[in-house]
There are 2 protein chains.
Amino acid sequence: MAATIRDVAKVAGVGLGTVSRVLNQSPLVSAATRQRVLSVIAELRYNPSQLARTFALGKTLTVAALAPFFTRPSVVERLRGVEATLAAAGYHLVVFNVEAVARRDECLRDAARSDRADGLLIISLAPRPAEVNAFREAGLPVVLIDTFAEGLPGVSIDDVAGGALATNHLIALGHTRIAFIGDPQEDPLTFNFTSSHDRLLGYQQALAAANLPLPSAYQRHGLHGRYEARVLARELLQLPEPPSAIFAASDTQAMGVLEAARDLDIPVPQALAVVGFDDIDIAEYLGLTTVRQPLFESGARAVELLFLMLSGASAPPAEQVPVELVVRRTSAPLG
Amino acid sequence: MAATIRDVAKVAGVGLGTVSRVLNQSPLVSAATRQRVLSVIAELRYNPSQLARTFALGKTLTVAALAPFFTRPSVVERLRGVEATLAAAGYHLVVFNVEAVARRDECLRDAARSDRADGLLIISLAPRPAEVNAFREAGLPVVLIDTFAEGLPGVSIDDVAGGALATNHLIALGHTRIAFIGDPQEDPLTFNFTSSHDRLLGYQQALAAANLPLPSAYQRHGLHGRYEARVLARELLQLPEPPSAIFAASDTQAMGVLEAARDLDIPVPQALAVVGFDDIDIAEYLGLTTVRQPLFESGARAVELLFLMLSGASAPPAEQVPVELVVRRTSAPLG
DNA sequence: CGTTCCATTGGAACTAGTTCCAGCGTAGCA
DNA sequence: TGCTACGCTGGAACTAGTTCCAATGGAACG
C-alpha cells in the first residue's frame, strides 16, 4: 500500500496539517520541520494522491473540450492551442469527439451534470437555450469557440465579413458568376448555427452590394467533407452556365472543388477560381487562396477566458479575432 | 449547495447505504424503497458527485494518452480510434501533446506518479527502461502504440516489412536508383526508437536482396515535416546522379518530396516515383502511392488491451497489425 | 517576573461517496 | 410456537487530502 499523508506525519513525528503545509509550500513551517518532513517524504517514497486532493479541494484541474469531428484539421489546430494553454497552467484536457447527434446531446448533458471538469469548451457546436441554462444552474463555466449562444462567452470570427472578404476578392478579379459551397443548412448536430451559414450570408451581401445576380442554383450545401464538396462542385461545373469562381466555406470543401476541377479538366485558376476558408496547414501546400483565421490562437484565447471565469470573474463578453485574405495560386483575374 | 447522498437519505427516510445501492443498481433494494429514493433524488435534483465517487472507488474512469505532435494526421486518426473505444466504455480521454523533450520527460514522470488516470497510452514515443520501471512500480497499466519497450504491451506494425514492401514495389517497377527520406536518426524525443528507423531498415534489406547499390548519399534524415522533407528531396534531385524514386518514411514527408519535384519541374511519376507511408486521409487526394497501416484500429485495439489489463489480466504480448501497399498515381514503371 | 504577541504546530472536522457488517422482520417449516 | 434463513436495511468506517481553530512555547517588553 502506498504511503499516505498520515504515515508521513507519524514517521516524521509531526501533525497532519504540518505535512500538508509542507506539501503546499505554506510559509507557516519552520525550516527545520520542513527539512524533516521532506526527508521522510523521500524516505517513504510518498507521493500525494491527486484523487484525494481534487476531492478535498473540490476542483479537478481539468477542462473538457467538446468538438464535432476532431479529425478536421481546423479543429485539431484549435485543440492544440487549447492543450498548450491548459498544460502551461497545469490543467488537463479531456476531449470528446462528437460525430453523432445522440452523442452531442449526451455529452452536453453529462458535462453539465458531472463535476469531472472545472470548465467546458465547446467547439463549433451551439448549445440550445435549455442546455445553456443547465450549465448556469450547474455553475459550470463554459466558453464557446467558433459558435454563439445567448449569454455564453466565446471566441469567434466575423464569418459574415470573412465570407464577404472572399467574395469581394473574386469580384475584384472580375468574376461575376460566383458560386458557393457550404455545410448543410439544417444540421441537427450544430443546431443550425454553423459558421458556414454566416459565410454564405457574407457571400450574398457582397454579391448584392456589387449588383451581381444570386442564382440559387449557385448555392450548394452538403456534409462538411471533401467528397461531398467534390460532388457538389461537379454539379456546379456541369451547369449550362457554370460559375467561373467558387467560394467554399472551408478549405476541406475547397479541396473537393479542386478535385472536381481536375476531374473535368478545368484548369485552375485560368478557367476556375477557388477560394477556401480557414487556412489549414494543407492550404499552403495546395496553393489555395483562402481566408485565414487564427485557429491555434482561438483555442488559447478561449482557455484564457475560461481561466478568467474560474478565478471568479463573471462571464466576459464574446470576442472576435480578426480574419485575413491569403491570396495564393487558385485565384486569378478572369481571363 | 448541491444535495448529497446524505440529504437524499434523510429526506427519503432511509439509510446511506440504501441510496448508494439504488444509485448502483444493486438488486438488494425492495421495489418500494427504490421508488421512494428515486423520487426524492428527482425532487432534490440530486446528482452524485463523480469526484467523491472516483475517490471512494480509487478509480478515475479516465485514460491518458501521450502523443508527440498530435496535429499529425496519423496521430489524430489513432486518437480518434482511442477516443471512440474509450467513450463506448464510459471512459474519458485526457490528451497530452508532446512537442518538446522537457515535456516528454515531465509527462512520463507525472503519469507514473499521479493517480489521475487508470491507464496510459503512449503513441510513437518509447519510454526508457527507468520509465518502464516507474510504471510497473506505480502499478499503472501502459499500452504503447507505434513503438516498443521491453516488457510493455503494444500495438504496432512491422515497419521493416513495410519499408521493404514500399521498396520492393519500386524495384519491381524497374527502379534502381531509389532514395530514402526519413526522421532524424538521433531524436531525443523518441529516444531513437522511431518507426522511420525500421522503415529504413526494410528499405536497406530490400535493396540488398535485389543486389542494388545503397549509396549513403541517397539516405537523408530530417525533422518529420513537409518543409524539411522538401529541402532534403531537392538536394537529392539535384545530385549529379539523382534518384528515379524516393521512398519517404511518412506521407507527410512524401508530400514534401512532391513539392520538391514540382519546384524542379520534375514530372511525377514519369521522371520520379514517390512512395509514402501511413495512408493518411490526404494521401488519396494527392494520388500518393503509400503503405497503409490501420491507424484508427491501432488506437482502438490499444484501448482493448488496456481494458484487459485494467480487468486484472497480466500484460498481453505486443501485437502487430497488418500493412498493405496502396498503389496510386505517384509510382509507375521506370520509363 | 508577568504579560502580550506571534510564529509554529496538532489534529478534529470536512469533502461525498462505497463497503461491509450487524440487525431486523418476516416467511417457511417442523 | 419456536427456530432458521434470508431479504432488506442502517450506518460506522473508510478512501486521503485540506482547512481551520485552539494550543503551545519562546521572545520581547514593561
Side-chain angles (χ1 to χ4, degrees), chain A residues 1-41 44-62 90 110 113-118 138-139, chain B residues 1-41 44-62 90 110 113-118 138-139:
Chain A
M1 207 50 225
T4 73
I5 199 172
R6 269 159 251 262
D7 299 329
V8 175
K10 202 169 298 171
V11 174
V14 300
L16 272 186
T18 303
V19 179
S20 178
R21 277 184 285 264
V22 169
L23 289 173
N24 294 289
Q25 339 274 355
S26 159
L28 303 173
V29 192
S30 70
T33 310
R34 162 166 287 123
Q35 263 320 308
R36 187 147 37 93
V37 171
L38 285 176
S39 74
V40 171
I41 285 177
L44 298 183
R45 307 246 235 122
Y46 164 71
N47 38 37
S49 157
Q50 293 297 322
L51 232 46
R53 180 154 208 279
T54 56
F55 175 53
L57 251 29
K59 294 184 176 190
T60 60
L61 296 182
T62 294
D110 288 359
R113 277 232 235 111
S114 121
D115 51 1
R116 285 174 73 177
D118 297 339
Chain B
M1 207 51 224
T4 74
I5 200 172
R6 269 159 250 263
D7 299 329
V8 175
K10 201 169 298 171
V11 175
V14 300
L16 273 187
T18 302
V19 179
S20 179
R21 277 182 286 264
V22 169
L23 290 174
N24 293 290
Q25 340 273 355
S26 160
L28 301 174
V29 192
S30 70
T33 310
R34 163 165 286 122
Q35 264 320 310
R36 186 146 39 92
V37 171
L38 285 175
S39 74
V40 172
I41 285 177
L44 296 184
R45 308 247 235 121
Y46 164 71
N47 38 38
S49 158
Q50 294 297 323
L51 231 46
R53 177 154 210 279
T54 272
F55 175 52
L57 249 31
K59 294 185 174 187
T60 60
L61 294 181
T62 293
D110 287 359
R113 278 232 235 112
S114 124
D115 49 1
R116 284 174 71 176
D118 297 339

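This is a predicted model, so every value here is computed, not measured. Proteins get letters first, then strands, A, B, ... in listed order; numbering begins at 1 in each. Scope of the values below: all heavy atoms of this structure, side chains included, with no hydrogens, waters or symmetry mates.
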* Quick one: OH on B:Y46 to CG on B:L38, what's the gap to the nearest 0.5 Å? -> 12.0 Å

* **A:V29: partners by side chain to side chain contact (heavy atoms under 4.5 Å, CB included), with sequence neighbours left out** => A:T18, A:R21, A:V22, A:T33, A:R34

* To do: Rounded off to whole Å, could you give me the CD1-to-C1' distance for the B:I5 and D:dA12 pair?
  => 14 Å

* **Atom-pair distance (CD on B:Q35; C1' on D:dC8), nearest Å** => 17 Å

Give me the distances for all protein-to-nucleotides 7-9 of chain C N/O pairs that come in under 3.5 Å?
unit_1, atom_1, unit_2, atom_2, d
C:dT9, OP1, A:S30, OG, 3.0
C:dT9, OP1, A:T33, OG1, 2.1
C:dT9, OP2, A:S30, N, 3.0

* To do: Using heavy atoms and a sub-4.0 Å distance, could you list which residues of residues 46-58 of chain A are near DNA chain C? By number, please.
  => A:F55, A:A56

* Structure fact -> Taken to the nearest 0.5 Å, the spacing of A:T60 OG1 from A:R53 CZ works out to 12.0 Å

* Asked: In degrees rounded to 10°, what angle is found between the helical axes fit to the five outermost pairs at each end of the helix from C:dC1-D:dG30 to C:dA30-D:dT1?
  -> 50°

* **Which atom of A:V37 lies closest to which atom of A:V8, heavy atoms considered** => CG1-CG1, 4.3 Å

* Structure fact -> Residue set satisfying side chain to side chain contact (heavy atoms under 4.5 Å, CB included) with A:D115, at least two apart, ordered chain then number -> B:S49, B:Q50, B:L51

* Asked: Say you draw a straight line from OG of A:S30 to CZ of A:R36; how long is it, rounded to the nearest 0.5 Å?
  -> 7.5 Å

* Asked: Just how far, in rounded Å, is C1' of C:dT15 from CG of B:D7?
  -> 13 Å

* Structure fact -> When rounded to the nearest 0.5 Å, the distance separating OG1 of A:T54 from NZ of A:K59 is 12.0 Å

* Who passes side chain to side chain contact (heavy atoms under 4.5 Å, CB included) against A:N47, sequence neighbours left out? -> B:R113

